[in-house]
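All heavy atoms count here, side chains included; hydrogens, waters and symmetry mates do not. Throughout, numbering of the chain's residues begins at 1 and tracks the sequence. Only a predicted model underlies this, so the values are computations on that prediction, with no experimental measurement involved.
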Amino acid sequence: MANYFGVRHIQASFLFFGICFGYFLRVNISAAIVPMTQPNSEYISYEYWDSRTKSLILSSFFWGYVLAQVPASILARRFGGKVVLGGATAAGALITTFHPVAVVKGDWKLLCFLRVLVGLTQGVVYPCLHTLLAKWVPHTERGFLSAFVYSGAQFGTAILLVISGSIFNSNMRWPGIFYISGGIALLWSIIFLIFGSDSPRNSNNISKHERNYIEALTGADDQQSQDMVVPWKSIFTSIPFFALIAAHCGFTWGFYTLLTEVPTYLSSVLNLDIKSNALLSALPYFVMWILCLTLSPIADLLINHRIISVTVSRKLFNSIGQWTPMACLIALGYINQNAITLSIVLLTIGIGFNAASFCGYLVNHMDLSPNFAGTLMGVTNGISNLLSIFAPLVAGSIIQNNEEDPEEWRKVFLITATFYFLCNLIFVVFGKATVQPWDTKLTCVTSVSTNSMPTSISAIASENSLTTLTD
């Protein structure tokens, strides 16, 4: 049973919905910024929010988000990912419900402050998820289960954008999106804190057979990892780690530029109304979610059947995930603004194929260091999301004079395409997917685990360890 469906899949489902509803909290402002700032909004002060002000609002989330990354990874290792993730999501959900009041009472500055606080709470998500996945996901399922969990971001983005149009047209108007997203995220937090587990060893519902299976094929030392000293010097002198940072930066710049600016592009350049805007903004993220679930089993299949090595797989799929969007953005910058269908197709392909990166850089932290995967994620996500602060600001400064000018948007798309190209090139040249020497406990874990395992599982563990170490 351990080889098919088990408690690890239930835990992965908890995490899937966790990141899904977490993205409700971060994406709601991207959807609401359009109706909030229309001249016919019910609050006249909104019409004075120019492009630069809106860019500050959109980017303020990332100010707190970046600051939380490394501290969050340390807290997750010290106290466990469950408590940190569940508690932080609950706090962010409560803060979100105060957004409408903040706008009415304090205008955009108070809203920016609350977005910073939400960013702080959401900054724990990726470090906690990587900490939990490193303990719950076997090597042989790493591509699929990790991509499944992280695809919750696209699923959540798509769902929120789809329902946003109906919410805006209801009696709740735009404030409703903050009340609904906050309430759902709070409910998930309570359920996860009750039923979630930090690791197979801490789970009351897992069978001994499945627990042994997972522990043999993760490479993470659950008993000793909390006491291990983070090898900061080795990490920051590791060339594969810097290549991972580059890949993460390329993805983040591109993804968040499109996430924050596409609703405005559809409204200003393609002249689509709010409801059409919401549906079409959601379409690329539904495609991305489907591709996450489609491409990740292919990546695992290629690796497990030794058709390609782990390193080649990571580089191949990361290239698909970043250079395909690059090509679409270049094309998008030069097509006629009246070609609405073609523009939407290019946006859908460009955003959708970001999914391939989930089988590339996003699982590479666990490849390099199972014991410090959450810590590595905290560092790379923190550095890459510094760019997330500047991405909407750069876009806002370029298009501040005229949001309806395709020439201005071309500059935004070409800058984003350049980031995709250069960052993935660094990953292709210098990246690796082998466990690094500074992940000091791997040999000990492998030797101890395999001696206490049933024969079939021990064979799998030994084979997988050999493949990883000799890749």
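- Crowding of Phe242 atom CZ: a count of heavy atoms from other residues, nucleotides or ligands under 6.0 Å exceeding 12.
- Both tests hold for Arg410 against Tyr334: distance to the six-membered ring centre under 6.0 Å, angle to the ring axis within 45°.
- Heavy-atom neighbours of Leu301 CG from other residues, nucleotides or ligands within 6.0 Å: above the threshold of 12.
- In this structure, the side chains of Ser238 and Gln436 come closer than 4.5 Å at one or more pairs of heavy atoms.
- A donor-acceptor contact shorter than 3.5 Å is absent between the side chain of Ser357 and the backbone of Gly360.
- Annotation: the span from Leu75 atom CG to Thr131 atom OG1 amounts to 10.5 Å, rounded to 0.5 Å.
- Relative orientation of the Phe413 and Trp409 rings is tilted, given thresholds of 30° and 60° on the angle between their planes.
- Shortest non-hydrogen contact noted between Val66 and Gly382 is CG1-O, 3.4 Å.
- Between the side chain of Ser189 and the backbone N or O of Ala185, at least one donor-acceptor pair lies under 3.5 Å.
- Residues Leu302 and Phe317 meet the side-chain proximity criterion, which asks for heavy atoms closer than 4.5 Å.
- Note that CD of Gln322 and CG of Leu425 are 11.0 Å apart. Values are rounded to the nearest 0.5 Å.
- A side chain to side chain contact (heavy atoms under 4.5 Å, CB included) with Thr380 is found for exactly one of His130, Gln69, His248, namely His248.
- Going from atom CG of Leu85 over to atom OH of Tyr126 covers 12.0 Å, rounded to the nearest 0.5 Å.
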Which is it for Ser73 and Met377 under the side chain to side chain contact (heavy atoms under 4.5 Å, CB included) test, yes or no, and what are the steps along the way? CA-CA 8 Å; Ser73 67; Met377 173 55 79; over 6 Å; no
Show me, pair by pair, the donor-acceptor contacts under 3.5 angstrom made by side chains of residues 283-299, not counting sequence neighbours?
| from | atom 1 | to | atom 2 | distance (Å) |
| --- | --- | --- | --- | --- |
| Trp289 | NE1 | Ser151 | OG | 3.4 |
| Thr294 | OG1 | Ile290 | O | 2.8 |
| Ser296 | OG | Cys292 | O | 2.7 |

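- Side-chain atoms of Ser197 and Gln11, non-hydrogen and from C-beta on, do get closer than 4.5 Å to each other.
- A donor and an acceptor atom, one from each side chain of Asn304 and Asp300, are nowhere located under 3.5 Å apart.
- The minimum heavy-atom distance between Ala68 and Gly123, with the atom names listed, is CB-CA, 3.8 Å.
- Residues that satisfy the ring-ring contact (aromatic ring centres under 6.0 Å, His included) test with Phe427, not counting sequence neighbours, are absent from this structure.
- When all heavy atoms of Ala417 and Ile330 are compared, the closest pair comes out as CB-CG1, 3.8 Å.
- With a 4.5 Å cut-off on side-chain heavy atoms, Ser60 and Leu56 do not count as touching.
- Note that CD1 of Ile349 is 11.5 Å distant from CD1 of Ile351, once rounded to the nearest 0.5 Å.
- For the residue pair Asn354 and Pro325, the shortest heavy atom distance occurs at OD1-CG, 4.0 Å.
- The distance from atom CG of Asn28 to atom OH of Tyr23, rounded to the nearest 0.5 Å, is 13.0 Å.
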Could you go step by step and tell me if Asn424 and Ser319 meet the side chain to side chain donor-acceptor pair (under 3.5 Å) rule? CA-CA 6 Å; Asn424 184 65; Ser319 297; 3.0 Å; yes
Output, in order, the C-alpha distance, side-chain angles, deciding distance and verdict of side chain to side chain contact (heavy atoms under 4.5 Å, CB included) for Leu414 and Leu329. CA-CA 7 Å; Leu414 291 180; Leu329 288 174; over 6 Å; no
Please lay out, stage by stage, how Phe251 and Tyr361 fare under the test ring-ring contact (aromatic ring centres under 6.0 Å, His included). CA-CA 9 Å; Phe251 176 89; Tyr361 87 89; 5.3 Å; yes
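- Between Leu368 and Asp439 the shortest side-chain heavy-atom distance does not fall below 4.5 Å.
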Assess whether side chain to side chain contact (heavy atoms under 4.5 Å, CB included) is satisfied between Thr89 and Thr121, documenting all intermediate values. CA-CA 6 Å; Thr89 301; Thr121 65; over 6 Å; no
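- Phe155 and Phe17 have their aromatic ring centers separated by at least 6.0 angstrom.
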Working for salt bridge (charged side-chain N to carboxylate O under 4.0 Å, His left out), residues Arg314 and Asp367: CA-CA 10 Å; Arg314 301 295 184 243; Asp367 295 327; 2.5 Å; yes
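- Of the possible polar contacts, none joining the Ser234 side chain to the Trp438 backbone as a donor-acceptor pair under 3.5 Å is found.
- Ring centroids of Trp323 and Tyr420 are separated by 6.0 Å or more, keeping the two rings apart.
- Formation of a donor-acceptor pair under 3.5 Å by the Ser384 side chain with backbone atoms of Asn381 is found in this model.
- Checking side-chain atoms of Trp253 against main-chain N and O of Ile415 turns up no donor-acceptor pair under 3.5 Å.
- Classified by interplanar angle (parallel below 30°, tilted 30° to 60°, perpendicular above 60°), the ring pair Phe16/Phe148 is parallel.
- Counting only heavy atoms from C-beta outward, the side chains of Arg26 and Val118 never approach each other to under 4.5 Å.
- Note on ring orientation: taking the six-membered ring where Trp is involved, the planes of Trp232 and Phe236 are parallel (angle under 30°, cut-offs 30° and 60°).
- Between Tyr150 and Leu362 the shortest side-chain heavy-atom distance falls below 4.5 Å.
- Side-chain contact between Ile19 and Val125 is present, with heavy atoms from C-beta onward closer than 4.5 Å.
- To the nearest 0.5 Å, atom NZ of residue Lys432 and atom CZ of residue Phe241 are 15.5 Å apart.
- Although no hydrogens or angles enter the test, the distance criterion places no donor-acceptor pair under 3.5 Å between the side chain of Lys82 and the main chain of Asp198.
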